[in-house]
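Here the structure comes first, spelled out in structure tokens, and everything after it is commentary.
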Amino acid sequence: MYELNDKEIGAHLKELMNGMGYKTTAAFCRKYLLEINNKVNYTKDKLNEDLKTTKNTFSRILRGKQRIQLEQLPILSRLLCVSYEEIISAGKLYAPTKNHVTNYDIAQSHDRGVWDEYMKRKDTIFLNCDEYCKTVIDYALEFKNYAFIKYLLDEGFIWFVDPNADVCDMYGYRAGTSIKPKELARNYPENRLPTEIQFQDRLRTQTIALAIENEDYDILESLRAREIPEMHKLTWNGINPTYIYKNEHLIEAIANSENEKIIDYFSDEFTIMSINNKEITVVFPYLSDVIESMLNNKKEKSVETALKKAISHNKSTFNKLNDMIKRACQLYHDSQTEQMERLIKVCTETGCSVNDANMIKRFKENADNYSHIYSTFNIDKYNYVSFYYRDNGQYSDIITNICKVTSKKGTPEIKKLIKELNEWYNKIVSLGGEKYAEILL
């Protein structure tokens, strides 16, 4: 027996929606309305009219403020590819089939012999999703069966990061599987796993979260645990947010870890290679979120470590940016001054026309006007900052990310560190002038 817990059900539904690619509640509600009205002439105007009410309903359900109704279950089950049991138990119960081997059963097993037999099957069932559109890896991650995931990685059945790849490509870290589909099944729709591994960073980041929870520190570097594929594609305009997958479970796993190595690992600066073979120094892209979670969970020792390292990174970033901007300004000043002096010399030797006099005046005025130099300074909404300038025909630049914390929680000592972190953040932002004044803390 179990009791319905509306809050847990709402949280589980939200996870399922995210897992199925619904980025907003509105996006899911549109699909829901189209599904329940698929046999009538359902116009776009009518959909927009119903959307507000449906969105309010599901917003309340996701917050645990309203209970799911019986008539909603069939549609939810179809759209989210899960059973009724999983929905109403908030992921605690499923409806497995017992008369044959299923992904669900294998994913719960801790028997190596069972795993070996399953992976050797000629029908390559490992590659297939079940009637709920879930693969064995999906279930193993849900059940937190890290031993099975580690087995798949250690035996080379899957990899989330290609060890032979120096940088990621447009799809990520070139993940894949050594299991090949049988010839007649290559184009079967249930043959989903290869593309799921390749295109969904969720699987890699969820495995990292499980590794942290199981204190498997040694595997983190091979999984590129601190990185996201989009970081390798950083430009002077910041990061492309289109395909970013932010794994909240990973953030919570780091924040709740008692392992000092793990806290240090995710708080330290590190370098990555961009797709242009440029070395970039960054910090974990969700370090600010980790710190906020640590503060919420009163992990004072861990948060002190993370804050000090974040402060060091912000301070270092400010000093580098400030020095580069000063250098750019000096180069520009010297260039304008040199041209002015050269023209004055010519004028002294050959006589000075009105145009020459006006040009000398412009050189003198421009020598101390640096406004255009700051136009190459950029901070995007994900706190990736960049600046570049030309030095003797070559570009010099910096691209990195910075941290800020909005939480007011913590001891007086922690609050002092938060204040220092945000002061360095504001100093960096201020380098960009009035353009970025609205994001100052």
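Note that these values count all heavy atoms, side chains included, but never hydrogens, waters or copies made by symmetry.
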Quick one: salt bridge (charged side-chain N to carboxylate O under 4.0 Å, His left out) partners of K301, sequence neighbours excluded? E260

Residues S59 and T25: closest non-hydrogen pair is OG-CG2, 4.1 Å

Shortest non-hydrogen contact between F387 and A328, atoms and distance: CZ-CB, 4.1 Å

Can you name the closest pair of heavy atoms from S257 and I263 and give their distance? O-CD1, 3.8 Å

Please evaluate residues W159 and S178 with respect to the criterion side chain to side chain contact (heavy atoms under 4.5 Å, CB included), reporting the C-alpha separation (whole Å), side-chain torsions for both, the decisive distance (0.1 Å), and the verdict. CA-CA 9 Å; W159 54 89; S178 61; 4.0 Å; yes

Less than 6.0 angstrom separating the ring centers of H232 and Y173, yes or no? yes

Test item: R226 side-chain N/O and S267 main-chain N/O as donor-acceptor pair under 3.5 Å: no

Rounded to the nearest 0.5 Å, the CD atom of E86 sits from the CG atom of L13 at a distance of 9.5 Å

Under 3.5 Å side-chain donor-acceptor pair for Y146 and D216: yes

Contact between L79 and E35 at the side-chain level, heavy atoms closer than 4.5 Å - yes or no? yes

Treating S77 as the side-chain partner and L73 as the backbone partner, does any N or O pair qualify as donor plus acceptor under 3.5 Å? no

With no hydrogens and no angle check, is any side-chain donor or acceptor of N5 less than 3.5 Å from a backbone partner on K7? yes

Can you see whether N103 engages K134 through a side-chain donor-acceptor pair at a distance of less than 3.5 angstrom? no

Is any side-chain heavy atom of D289 less than 4.5 Å from a side-chain heavy atom of K246? yes

Main-chain N/O of K23 paired with N18 side-chain donor or acceptor, under 3.5 Å: no

So K320 and S316, side chain to side chain contact (heavy atoms under 4.5 Å, CB included) or not? Walk me through it. CA-CA 6 Å; K320 290 175 184 175; S316 173; 3.5 Å; yes

Which atoms form the tightest heavy-atom contact between N37 and L33, and what is the distance? ND2-O, 2.8 Å

Any W424 side-chain heavy atom under 4.5 Å of I311 side chain: yes

Please lay out, stage by stage, how D138 and R202 fare under the test salt bridge (charged side-chain N to carboxylate O under 4.0 Å, His left out). CA-CA 10 Å; D138 291 324; R202 174 182 63 87; 2.8 Å; yes

Gap separating the CZ atom of F28 from the NZ atom of K14, nearest 0.5 angstrom: 13.5 Å

Taking atom types as modelled and ignoring hydrogens, do the side chains of D397 and W236 form a donor-acceptor contact shorter than 3.5 angstrom? yes

Charged N to carboxylate O below 4.0 Å: is that the case for E304 and K309? no

Can you measure from NZ (K31) to CZ (R78) and round to the nearest 0.5 angstrom? 11.0 Å

So that I know where these two stand, are F143 and F148 an aromatic pair - ring centroids less than 6.0 Å apart? no

CG of L421 to CG of L417: how many Å apart, nearest 0.5 Å? 9.0 Å

Report the C-alpha distance between Y265 and I212 in whole Å, list the side-chain angles of each, state the deciding distance to 0.1 Å, and finish with yes or no for side chain to side chain contact (heavy atoms under 4.5 Å, CB included). CA-CA 11 Å; Y265 179 78; I212 293 169; over 6 Å; no

Report the C-alpha separation of L307 and I414 in whole Å, then their side-chain angles, then the decisive distance to 0.1 Å, and conclude whether the side chain to side chain contact (heavy atoms under 4.5 Å, CB included) test is met. CA-CA 8 Å; L307 278 168; I414 295 299; 3.9 Å; yes

So do T57 and Q72 actually touch side chain to side chain, heavy atoms under 4.5 Å? yes

Looking at H249, is its backbone amide N or carbonyl O close enough to the side chain of N247 to form a donor-acceptor pair, meaning the two atoms are under 3.5 Å apart? yes

Give a yes/no verdict on a cation-pi contact between R390 and Y395, requiring under 6.0 Å between NZ or CZ and the six-membered ring centre and an angle within 45° of the axis. yes

If you round to the nearest 0.5 Å, how far is CG of N322 from OG1 of T317? 12.0 Å

T177 side chain near F126 side chain, heavy-atom distance below 4.5 Å: yes

Answer yes or no: is there a side-chain heavy-atom contact under 4.5 Å between K308 and V303? no

Please check if the number of heavy atoms outside Q69 that lie under 6.0 Å from its CD is greater than 12. yes

Is there a salt bridge (charged side-chain N to carboxylate O under 4.0 Å, His left out) between R327 and D323 once you walk through the steps? CA-CA 6 Å; R327 171 69 176 162; D323 288 346; over 6 Å; no

Atom of F284, atom of A225 and distance for their closest heavy-atom approach: CE1-O, 4.0 Å

Side-chain heavy-atom pair T281, F270 within 4.5 angstrom cut-off: no

For the residue pair T406 / E292, report whether a side-chain donor-acceptor contact shorter than 3.5 Å exists. yes

Ring centres under 6.0 angstrom apart (F157, Y151): yes

Indicate whether the side chain of S293 and that of E252 have a donor and an acceptor atom separated by less than 3.5 Å. yes

Derivation of the side-chain hydrogen bond (donor to acceptor under 3.5 Å, both in side chains) call for N256 and K299: CA-CA 7 Å; N256 289 320; K299 301 286 185 179; 4.6 Å; no

Separation of I75 CD1 from L34 CG (nearest 0.5 Å): 11.5 Å

Taking the basic N atoms (NZ, or NE/NH1/NH2) and the acidic carboxylate oxygens, is any pair closer than 4.0 Å for D6 and K65? no

Check: N145 side chain, A107 main-chain N or O, donor-acceptor pair, under 3.5 Å: yes

Answer whether the closest heavy-atom distance between the side chains of T411 and K416 falls below 4.5 Å. no

Pair D380-N237, side-chain donor/acceptor within less than 3.5 Å: no

Among I228, I399, N401, N383, the one residue meeting side-chain contact (heavy atoms from CB on, under 4.5 Å) with I239: I228

Nearest heavy atoms of I291 and A306, plus distance in Å: CG1-CB, 3.8 Å

